[in-house]
There are 4 protein chains.
Amino acid sequence: MKKIQLTLIQIDNYGPWTVTPRPKREADIQILQAKLFADLEHQFAVRGGLVFSTRFDNMLAISNGISLDEHRAIQESIHVRYPVTVSMSIGAAEAPYEAQKLAAQALQRAGSSRSAERRGILAGRGLGARDEDWVQIVHMDVDRISTMTDEKPIYDTHELLQHVCLALMKAMSRYKALVFYTGGDNFMAPSNGLSEEKLRLIMDEVERALGIKLKAGVGCGKTAGESAHLASEGLHEIRKCQAKGPIVFKTS
Amino acid sequence: MKKIQLTLIQIDNYGPWTVTPRPKREADIQILQAKLFADLEHQFAVRGGLVFSTRFDNMLAISNGISLDEHRAIQESIHVRYPVTVSMSIGAAEAPYEAQKLAAQALQRAGSSRSAERRGILAGRGLGARDEDWVQIVHMDVDRISTMTDEKPIYDTHELLQHVCLALMKAMSRYKALVFYTGGDNFMAPSNGLSEEKLRLIMDEVERALGIKLKAGVGCGKTAGESAHLASEGLHEIRKCQAKGPIVFKTS
Amino acid sequence: MKKIQLTLIQIDNYGPWTVTPRPKREADIQILQAKLFADLEHQFAVRGGLVFSTRFDNMLAISNGISLDEHRAIQESIHVRYPVTVSMSIGAAEAPYEAQKLAAQALQRAGSSRSAERRGILAGRGLGARDEDWVQIVHMDVDRISTMTDEKPIYDTHELLQHVCLALMKAMSRYKALVFYTGGDNFMAPSNGLSEEKLRLIMDEVERALGIKLKAGVGCGKTAGESAHLASEGLHEIRKCQAKGPIVFKTS
Amino acid sequence: MKKIQLTLIQIDNYGPWTVTPRPKREADIQILQAKLFADLEHQFAVRGGLVFSTRFDNMLAISNGISLDEHRAIQESIHVRYPVTVSMSIGAAEAPYEAQKLAAQALQRAGSSRSAERRGILAGRGLGARDEDWVQIVHMDVDRISTMTDEKPIYDTHELLQHVCLALMKAMSRYKALVFYTGGDNFMAPSNGLSEEKLRLIMDEVERALGIKLKAGVGCGKTAGESAHLASEGLHEIRKCQAKGPIVFKTS
């Protein structure tokens, strides 16, 4: 059975830390969060994974192909370089939504996000066998966004992209797929099992609601790195040749 | 006349760069974006400013007190360390929405975001006199979010926070205030001129619509660093003593 | 035949870059160099390697177990994030000195360090078979350096450590071993084939010349990561129990 | 009276930390050290200072123009982002050697580098009045080093540069000037009071001993940033026009 493996990465006891002994400067918090995300992205990517910044204090990673030992090595390396520790929890399921739910439940059973005792734990269960690894990622962007960037107040474009993100999240959730904003006009959706037909319905719905056009590359492979790359290539083919239509599927 | 000064920071010709000569790996793009943001945050913060990650390829900074020369120094320093250049554009106005609009217009007049010719320019106009500097920032968070984090699937909490963000953006925009998500359950709103009464109306509206409770520290001062810090302290006082009510104002 | 594999990493055309169009600020150059080194260290380490900062514009890495494709992946990832490119060249030999010489020769044949045409090349030849991988690393430090740090002008201690480094380099070179300063009072020596007896002679010689005492953990394994870790553990055992004598050998 | 102000930056209790609870991976330590240095360089530079990596666990910064409050702000910002704390100590004197000695003594009086109790302290005394600020920096490099890099084993060039560094340290110390290696074939010497004549004697001595040629730009100004930049420009002028001779002095 093909499954996606997701890892929930949670900074331990982070809320209290940001205000102890008194509120830390916002800029320092922003820098810490961005650097920690970049570092984790680096470490998961080199092993074939992909991290989404999500809430920054809670990140979700596609981690197919990454073992428990490798998760532990990443944690240790983070703990050498940062003033905070991170707990991780793994979930695997056919649908991405189920996988993150399993990961979250395993972490919740291990202790609260605000517990001073829970530090750097590794919980949950990954895939039992490597031949179950399967990752489908949709990489979408908004048509002609640069026209908007070049003509409208920047905050308007920013707000529109938030609308697009939320509309995609809502529509995708019906199929137990997840959507993450990856900057610019880009969205990435771990979406195992979502057919081209369903994807087209989702895109139509969002386009009608918001008056924009989307295009989508879809990549399927055994790791997030592979699938994301195929998805980006698919999207790039559409950009170069609109005749391809708004969706290109690529499987490794 | 008291004004907020905003700087729009735009990576030059970024879309084409990400796919030349072929699509770059998503993880590398994520790392670049996060590190560039952290670096800019660092450089603006040390001069009293504050950068919001916004779209990552387009960032907005509150830059009261930061001169044109200092903007140029930041640009030069970025160009030594990154494979991309950034253009910047400054706008100042009584209302934050107007300030970003002026900044965007000045940059748009200087060339397209997708122009290969426009590189590292500095456009727009800051405040004429330092005694006009004024920054009001609201720092809000969601009550009891950790309960949710500890009990619900993490993606559900993530989605809820996106809803909160968008609802705040919509409500705030009526008063020409801006809202940025700063990670976790935190939102920061540059909101010169927004009264406590109006802020309470906005918070009530969002709370009713989404079934959550917000609390807000408001800081006012001559720089973003100062105002953000006062806002965070105000919020912290509410956390420690709910009897204070959901809003605390602090002026330097 | 057991061999060490070394990779020479050279920033392309770096000298001219630092002064074009005019001399860049020294601080920016220092930051770039340190970040580039940290990034490369990260990427080699995750694959079992270890990079020494060496000259910063030219770094040497122990790269046993790292394939040509992995070298290319590291290069691509660097090129996405930095304004400079790096060329790499691989050499493998029984003696570390020979390995770096082969690597340097291969790179020199491919073009000058000051050529504007040579960009991001990968030259040289690694090990043919993985069962040839062998890395011996000595991790040395200076006895009671903290007493000195706590009692002398800091520059005096710094100067003494430079003397130790150079004396070790000179003595080690007779056995075709290399020595790198790794900060604090620490030195690491890739030293395949160096016996405990010879190492003791070297340490005696340096101690007599400079009036200090050294201790040394020696690690042997198939990758730099493994060997360095064994060496550090050996050194740590001596620190905890001086009765062990000044040298501890550990083989995986 | 014109004086240079130096800051000694020492990681607190660092030795024990690197081996608790067991020896940390060498690569992680290297990454931490490089990032911490880059971060400190960034923060001092933006305020006109310049940090030398020195021993990495002990760094020396030229800090003319940087107040006690600014030192404290840098410390706080470091403590938010790293798992270690740093103590700092300031010394000011006419001669650079004396300034670092005063800084070291003040830190030593405040506690040992291996004390678990001494955390993040700020000791010593800076300049009393801003009109005393004076920084002379010599920026030197080795003539035709790229020929060597392109023809010799890289380790040979590396070793030669260590010899040059140590020879410069020895010769400069007679005039109470300091020398730091800054990567490539570059050396920077804080050298208040050193005349062109004396500098020429030093360079002659090192050249004769090692069979190489040096050239030197000398910059004098009120901050390290200014002086370092003038020195780099001076050196660049010699590179472009050898007829200028081996030394160019520039004063702001």
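In what follows, chains are A, B, ... by sequence order, proteins preceding strands, each numbered from 1.
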Measuring from atom NE2 of H236(C) to atom OG1 of T20(D), what distance do you get when rounded to the nearest 0.5 angstrom?
7.0 Å

Report the distance from atom CD of E159(D) to atom CE of M172(C), rounding to the nearest 0.5 Å.
12.5 Å

Looking at chain D, which one of [options] has the largest number of heavy-atom pairs inside 4.5 Å, strictly under?
options: I31(C), D57(C), L32(C); answer: I31(C)
options: Q105(C), K35(C), R25(C); answer: R25(C)
options: A224(C), G15(C), A104(C), A27(C); answer: A27(C)

Check whether [X] gets within reach of chain C through its side chain, its backbone, both or neither, counting any heavy atom under 4.5 Å.
X: L166(D); answer: side chain
X: H42(D); answer: both
X: H139(D); answer: side chain
X: V46(D); answer: neither

Which region of [X], side chain (C-beta onward) or backbone (N, CA, C, O), has a non-hydrogen atom less than 4.5 Å from a non-hydrogen atom of chain D, or is it both or neither?
X: F44(C); answer: neither
X: L178(C); answer: both
X: F52(C); answer: neither
X: F37(C); answer: side chain

Between [X] and [Y], what is the shortest heavy-atom contact and its length?
X: P23(C); Y: S232(D); result: CG-O, 3.8 Å
X: S113(C); Y: T149(D); result: OG-CG2, 4.1 Å
X: D150(C); Y: S112(D); result: OD2-OG, 2.5 Å

Are T182(C) and Q33(D) close enough that some pair of their side-chain heavy atoms sits under 4.5 Å apart?
no

When you compare the side chain of R55(C) with that of Y181(D), does any pair of heavy atoms fall below 4.5 Å?
yes

With respect to chain C, which residue among [options] yields the maximal number of heavy-atom pairs within a distance under 4.5 Å?
options: R239(D), R22(D), Q30(D), R114(D); result: Q30(D)
options: K24(D), Q10(D), Q162(D); result: Q162(D)
options: T157(D), V179(D), V51(D); result: V179(D)
options: K101(D), E233(D), E26(D); result: E26(D)
options: T147(D), D185(D), D156(D), L60(D); result: D156(D)

Does atom NZ (K250(C)) have a neighbourhood of more than 12 heavy atoms from anything else shown, all under 6.0 Å?
yes

Side chain of Q100(D), backbone of Y155(C): donor and acceptor closer than 3.5 Å?
yes

When you measure from the side chain of E151(D) to the backbone N and O of Q108(C), does any donor-acceptor pair fall under 3.5 Å?
no

Reference residue I154(D); test side-chain contact (heavy atoms from CB on, under 4.5 Å); the match among T54(C), N58(C), I9(C):
N58(C)

What orientation do H158(C) and F180(D) show, parallel under 30°, tilted 30 to 60°, or perpendicular over 60°?
parallel

